[in-house]
Amino acid sequence: MELRVEDLRKSYGGAAVLQGVSFTAEIGLTRVTGSSGIGKTTLLRILLGLERPDSGTVEVGATNADCFRWAAVFQEDRLLEQLDAAGNLRFALGAAYDEAASRALLAELGLGDAGGKRVRDWSGGMKRRLALARALLAPSDALALDEPFTGLDADNRAAAQRCVARAAREKIVLLVSHEDDALTGAEVRLQ
């Protein structure tokens, strides 16, 4: 499986954000790097179908990108604050919810003892790990991860990176991260 981006361009109010972005991503990890405000989040939003490019193409193999299933971690956690972890996962995953797999991943991410505590009472780092768990558990062909390790201490960051590295063995993973981390892979540098 291969994701091909060709000459992607996007402007807002006449100001160019993405200018001729082209790259190919295969199963594995691809880091999307560049300075703040350069268009990394915009690129992910276009790939996810949340925004339209001004020009350029996005293709997966021989098919159109509209048939491609993405899961994502956004800059905001986008959780249902009144629910607990299981409730958030059940709501987001629907019929794909697997209680045993969810419990195992939550435990691996250090959330096994959160119990029935509502997400609104969680720390920022706990919320971030739940957002990551939701993306990792969702049926998808690729992951778009926008700063997924923000707010995590060293131990929780390492656990989250292990989970992302495992996912990258089976699917395309695009990772936006400003921080240096232990994950390696191809790189797309926006300028």
Side-chain angles (χ1 to χ4, degrees), residues 3 25 27 29-32 36 40-52 60 65-179 181-183:
L3 170 71
I27 291 175
L29 181 81
T30 300
R31 295 175 59 92
V32 180
S36 292
K40 298 179 298 293
T41 296
T42 298
L43 172 63
L44 294 185
R45 290 181 55 80
I46 290 171
L47 295 175
L48 292 167
L50 300 174
E51 292 194 35
R52 288 262 188 237
V60 181
D66 293 337
C67 302
F68 198 61
R69 297 177 309 161
W70 286 94
V73 172
F74 298 93
Q75 287 182 343
E76 315 81 28
D77 296 321
R78 300 183 183 191
L79 299 169
L80 298 171
E81 297 276 326
Q82 73 279 12
L83 299 178
D84 64 2
N88 268 274
L89 295 176
R90 268 192 227 97
F91 180 84
L93 301 174
Y97 177 74
D98 178 326
E99 185 175 350
S102 296
R103 266 189 281 151
L105 183 59
L106 290 173
E108 186 175 359
L109 290 170
L111 297 173
D113 61 352
K117 188 176 173 184
R118 291 181 183 175
V119 169
R120 73 171 151 235
D121 298 325
W122 288 19
S123 70
M126 291 172 75
K127 291 177 183 180
R128 199 69 182 148
R129 287 177 278 151
L130 179 57
L132 180 59
R134 179 185 57 206
L136 291 168
L137 290 166
S140 67
D141 301 304
L143 293 171
L145 306 177
D146 199 349
E147 300 289 342
F149 311 124
T150 298
L152 302 186
D153 63 30
D155 290 340
N156 287 316
R157 182 182 189 86
Q161 288 173 344
R162 284 191 298 275
C163 293
V164 169
R166 188 171 56 242
R169 291 185 212 139
E170 301 173 355
K171 55 183 78 180
I172 295 169
V173 176
L174 297 181
L175 171 68
V176 170
S177 180
H178 290 291
E179 300 178 37
D181 55 52
L183 297 173

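Listed by chain and residue number, Glu108 satisfy the side chain to side chain donor-acceptor pair (under 3.5 Å) test with Arg166 (two or more places apart in sequence, or in another chain). A search for salt bridge (Lys or Arg N to Asp or Glu O under 4.0 Å) contacts involving Arg120 returns nothing, not counting sequence neighbours.
Shortest non-hydrogen contact noted between Ala133 and Leu109 is CB-CD1, 3.7 Å. Of all the heavy atoms in Ala135 and Ala72, the pair that sits closest is CB-O, 3.6 Å. Between Leu93 and Ala138 the shortest heavy-atom distance is CD2-CA, 3.4 Å. Nearest heavy atom pair, residue Asp121 against residue Lys117, reads O-CE, 3.3 Å. Of all non-hydrogen atoms in Pro148 and Leu132, the two that sit nearest each other are CB-CD1, 4.4 Å. In terms of heavy-atom proximity, Gln161 sits nearest to Phe149 at CG-CZ, 3.7 Å.
The structure places CG of Leu137 at 8.0 Å from CG of Asp98, a figure rounded to the nearest 0.5 Å. Note: Leu136 CG to Cys163 SG = 6.0 Å, rounded to the nearest 0.5 Å. Note that CZ of Arg128 is 5.5 Å distant from OG1 of Thr150, once rounded to the nearest 0.5 Å. With values rounded to the nearest 0.5 angstrom, Leu175 atom CG is found 6.0 Å from Leu145 atom CG. Distance check: Arg78 CZ to Leu130 CG gives 14.5 Å after rounding to the nearest 0.5 Å. Remark: Gln75 CD to Arg45 CZ distance equals 10.0 Å, nearest 0.5 Å.
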Going through the distances and angles, do Thr30 and Leu3 end up as a side chain to side chain contact (heavy atoms under 4.5 Å, CB included)? CA-CA 11 Å; Thr30 300; Leu3 170 71; over 6 Å; no
If you apply the rule side chain to side chain contact (heavy atoms under 4.5 Å, CB included), what do you find for Leu111 with Trp122, and how did you get there? CA-CA 10 Å; Leu111 297 173; Trp122 288 19; 4.1 Å; yes
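Side-chain contact check for Phe68 versus Ile172: some heavy-atom pair is nearer than 4.5 Å. By the 4.5 Å heavy-atom criterion applied to side chains, Val176 and Leu43 are not counted as neighbours. A heavy-atom distance below 4.5 Å is not found between the side chains of Trp70 and Leu44.
Considering Leu105, Leu106, Asn156 as possible partners of Arg129, the one that fulfils the side chain to side chain contact (heavy atoms under 4.5 Å, CB included) test is Asn156.
Using modelled atom types, one side-chain atom of Arg134 and one backbone atom of Asp77 make a donor-acceptor pair closer than 3.5 Å. Side-chain atoms of Ser123 come within 3.5 Å of backbone atoms of Met126 as a donor-acceptor pair (strictly under, hydrogens ignored). At least one donor-acceptor pair under 3.5 Å links the side chain of Asn88 to the backbone N or O of Leu80.
Contact check on Glu81 versus Lys127 returns a salt bridge, with a Lys/Arg side-chain nitrogen under 4.0 Å from an Asp/Glu carboxylate oxygen. Salt bridge annotation for Arg69-Asp141: present, with a cationic side-chain nitrogen under 4.0 angstrom from a carboxylate oxygen.
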